[in-house]
Amino acid sequence: MFARLSCRIAENIMQTVKNTLSSRLWRVGIYIRLSKEDPARDESESIANQRAILRDYLAGLQDGDQYQIIQEYIDDGLSGTTDDERVQFQQMLNDIRQGRINCVIVKDLARSFRNYSDQGYYLDDWFPRHQVRFISLFHQTLDSFRQPNQMRNIAVPIQGVLNESHCAETSDKVREVLDMKRRKGEYIGAFAPFGYRKNPQNKNALVIDPDAAMVVQDIFRKFLSGMSKTAIAHTLNQYALPCPTVYKQQCLGLHYYNPHAAMQKTYQWSAATIGHILQNQVYCGDMVQGRFRIKSYKLHIQESVPKEDWYVVPHTHEAIISREMFEKAAHLLKQTVRTAPARKTVYLFSGLLQCACCGKLMTRTTAKNYVYYTCRMAKNHAGKNTTIRADKLEQAVLSALRQQIASVPVILPHIRLNPQSDPLLARQKDALCRVVRYKQSLYQDWKDGSISRADYLYLKTDYERQIHTLQQGIAVLEKQSTPPENTFQKAFQQAGNLPYLTREALTTLIDHIAVYPGGKIQIFCRFCLNP
């Protein structure tokens, strides 16, 4: 009896030793992801729920192995279509390379991959090459160590295709909703443009931020008075005024991140920032969106959108600067203007003088205490120089403008503004024609079988709504547009008697000045006579 009992004890001891020697230590990394696209971010997919499921599973394993949770890796609010932007996913891969992790566990494949090609790469190549055990609990249960054959099941790649297809459909639906909001003039950005805040009662509407709006107005005034973008930025930095990034972070307390500023490691005003503000049509009360788009749901690369495809809805919010100021700034930005070193303002005729022979801008030089404007291609025009002395040019232009001002009452009935002076109205009319063409082609697409009847009805309703919105916007623009004669009269009345030339007067009244060999000039005003 004692002999049999001793044998049993010995067998138990041997089995315990055997189990101890054969047990493995798994250093586990728990990966959890919650996407913005998860339906209402419901509790079934929440971070807390995923954590509880994974930890309970590990605690219930009775296979003789040891499981040590090294770290949880959580990507909250990120898509699974690309691994490059998932910071915690990348950190987990780095820990695997360093040997800290040899087991990865996820709730299901969709939590770790929604890109079919990435799923195949990691499951079939990357994880096996780094000797990593991969466990997925639902929607294709996988365990690469305990059930290696299951990893080759045809259902695994099929599930990957389904996950990617679901992501593509979700992306299309989200884009449709956002485009609909853009067409309605609803603001969909995460942060309001500098000078505005999101309306507390309506997150899709903008209201003026008084402190920032004063800075925006000052930028436009300085630029229209002749200051360069670099000089404006330098002045704002001297006054220690916070740039848009710092203002949003420190003054408004927003979790705002500017990748360009972070890359350059500078949080001050720059000429580029000033340029962006001067070109932003939102400051004259128009909602402009869709200037950039993500290339695809898998390639999260931002690309520029042609201007004709932007979503522009006029008069959606209170303007910070007048439309007249904005259009004048836009006209100046198109000119090639260089600011001399150590100067804050541009020269009087910068960007306005063109050689009548070759059309190139003329350069400013100094010789024998006189300032000259000369064509870069001097002596190439039939052996003659295209040059003019600055003081004589100024006298000639001043005299010509004074004559124009004096004759305003006589020529006013015959004056019209350049027909290209209202680009917003032209763009809105082009957009209306484009949408009407789309609507007209729908019926034939349905009859040809290119689209279903449901799609036809949905798109027809959507195009009709777009047409109505565009027609309303065009009517408002046409009603509020200033008659050409009033615009002309206002411009010359503001110039007054013009005791001397100013940069603002020149840019308001003159489009450009052509200089001919011998010093003859021809002034092209921004206003022209009817033919």
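FYI, the numbering just counts along the sequence from 1.
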Exam field: side chain [X] to backbone [Y], donor-acceptor pair closer than 3.5 Å:
{"X": "D309", "Y": "V305", "value": "no"}
{"X": "T374", "Y": "T363", "value": "no"}
{"X": "R434", "Y": "E308", "value": "yes"}
{"X": "T461", "Y": "L457", "value": "yes"}
{"X": "W269", "Y": "I232", "value": "no"}
{"X": "E318", "Y": "V207", "value": "no"}
{"X": "H317", "Y": "V282", "value": "yes"}
{"X": "S225", "Y": "K222", "value": "yes"}
{"X": "T387", "Y": "Y373", "value": "yes"}
{"X": "Q289", "Y": "I188", "value": "yes"}

Is there a side-chain contact between [X] and [Y], using heavy atoms and a 4.5 Å cut-off?
{"X": "P193", "Y": "L206", "result": "yes"}
{"X": "C433", "Y": "R437", "result": "yes"}
{"X": "D391", "Y": "E394", "result": "no"}
{"X": "R465", "Y": "R183", "result": "yes"}
{"X": "C284", "Y": "D286", "result": "yes"}
{"X": "I74", "Y": "L34", "result": "no"}
{"X": "V371", "Y": "T365", "result": "no"}
{"X": "K184", "Y": "V313", "result": "no"}

Between [X] and [Y], which heavy-atom pair has the shortest distance, and what is it?
{"X": "I521", "Y": "A396", "value": "CD1-CB, 3.9 Å"}
{"X": "T230", "Y": "A271", "value": "OG1-CB, 3.7 Å"}
{"X": "G195", "Y": "V216", "value": "CA-CG2, 4.4 Å"}
{"X": "I388", "Y": "G519", "value": "CD1-O, 3.6 Å"}
{"X": "I208", "Y": "A319", "value": "CD1-O, 3.7 Å"}
{"X": "F220", "Y": "I277", "value": "CZ-O, 3.7 Å"}

Which value, rounded to the nearest 0.5 Å, describes the distance between [X] atom [atom1] and [Y] atom [atom2]?
{"X": "L353", "Y": "L361", "atom1": "CG", "atom2": "CG", "result": "8.5 Å"}
{"X": "F524", "Y": "Q354", "atom1": "CZ", "atom2": "CD", "result": "8.5 Å"}
{"X": "L278", "Y": "T273", "atom1": "CG", "atom2": "OG1", "result": "11.0 Å"}
{"X": "T386", "Y": "K360", "atom1": "OG1", "atom2": "NZ", "result": "12.5 Å"}
{"X": "L241", "Y": "Q268", "atom1": "CG", "atom2": "CD", "result": "11.5 Å"}
{"X": "M180", "Y": "Y311", "atom1": "CE", "atom2": "OH", "result": "11.5 Å"}

### Query
Is the distance between the ring centroids of Y283 and F326 less than 6.0 Å?
no
### Query
Does the gap between the ring centers of W446 and Y458 come in under 6.0 Å?
no
### Geometric cation-pi criterion K248 and Y256, 6.0 Å radius, 45° cone
yes
#### Entry: With S452 via side chain to side chain contact (heavy atoms under 4.5 Å, CB included) - residues at least two apart
A454, D455
### Task
Quick one: which residue pairs count as a side-chain hydrogen bond (donor to acceptor under 3.5 Å, both in side chains) with a foot in residues 185-201, not counting sequence neighbours?
K181-E186, R197-D209
With a cut-off of 6.0 Å (strictly less than), are more than 12 heavy atoms of other residues, nucleotides or ligands near [atom1] of [X]?
{"X": "M214", "atom1": "CE", "result": "no"}
{"X": "H276", "atom1": "NE2", "result": "no"}
{"X": "E464", "atom1": "CD", "result": "yes"}

### Verdict with reasoning, C375 to C357, per side chain to side chain contact (heavy atoms under 4.5 Å, CB included)
CA-CA 9 Å; C375 177; C357 298; over 6 Å; no
### Message
Let's go through K328 and E324 carefully: what are the C-alpha distance in whole Å and the side-chain angles of both, what is the deciding distance for salt bridge (charged side-chain N to carboxylate O under 4.0 Å, His left out) to 0.1 Å, and is it a yes or a no?
### Response
CA-CA 6 Å; K328 187 176 178 182; E324 179 186 359; over 6 Å; no
### Query
Taking NZ, NE, NH1 and NH2 as the nitrogens, is one of them in E327 or R323 under 4.0 Å from a carboxylate oxygen of the other?
no
### Task
Mind running side chain to side chain contact (heavy atoms under 4.5 Å, CB included) on L332 and F223 for me, showing each step along the way?
CA-CA 9 Å; L332 289 177; F223 183 71; 3.7 Å; yes
Do any side-chain atoms of residues 511-518 form donor-acceptor pairs under 3.5 angstrom with protein atoms, and if so which ones, sequence neighbours left out?
residue: Y516; atom: OH; partner: Q522; partner atom: OE1; Å: 2.9

### Working for side chain to side chain contact (heavy atoms under 4.5 Å, CB included), residues R221 and D218
CA-CA 5 Å; R221 282 195 296 265; D218 192 43; 4.1 Å; yes
### Task
Test Q281 against M287 for side chain to side chain contact (heavy atoms under 4.5 Å, CB included), laying out the working first.
CA-CA 7 Å; Q281 193 174 326; M287 189 67 73; over 6 Å; no
### Query
Is it true that the side chains of D75 and Q88 contain a donor and an acceptor less than 3.5 Å apart?
no
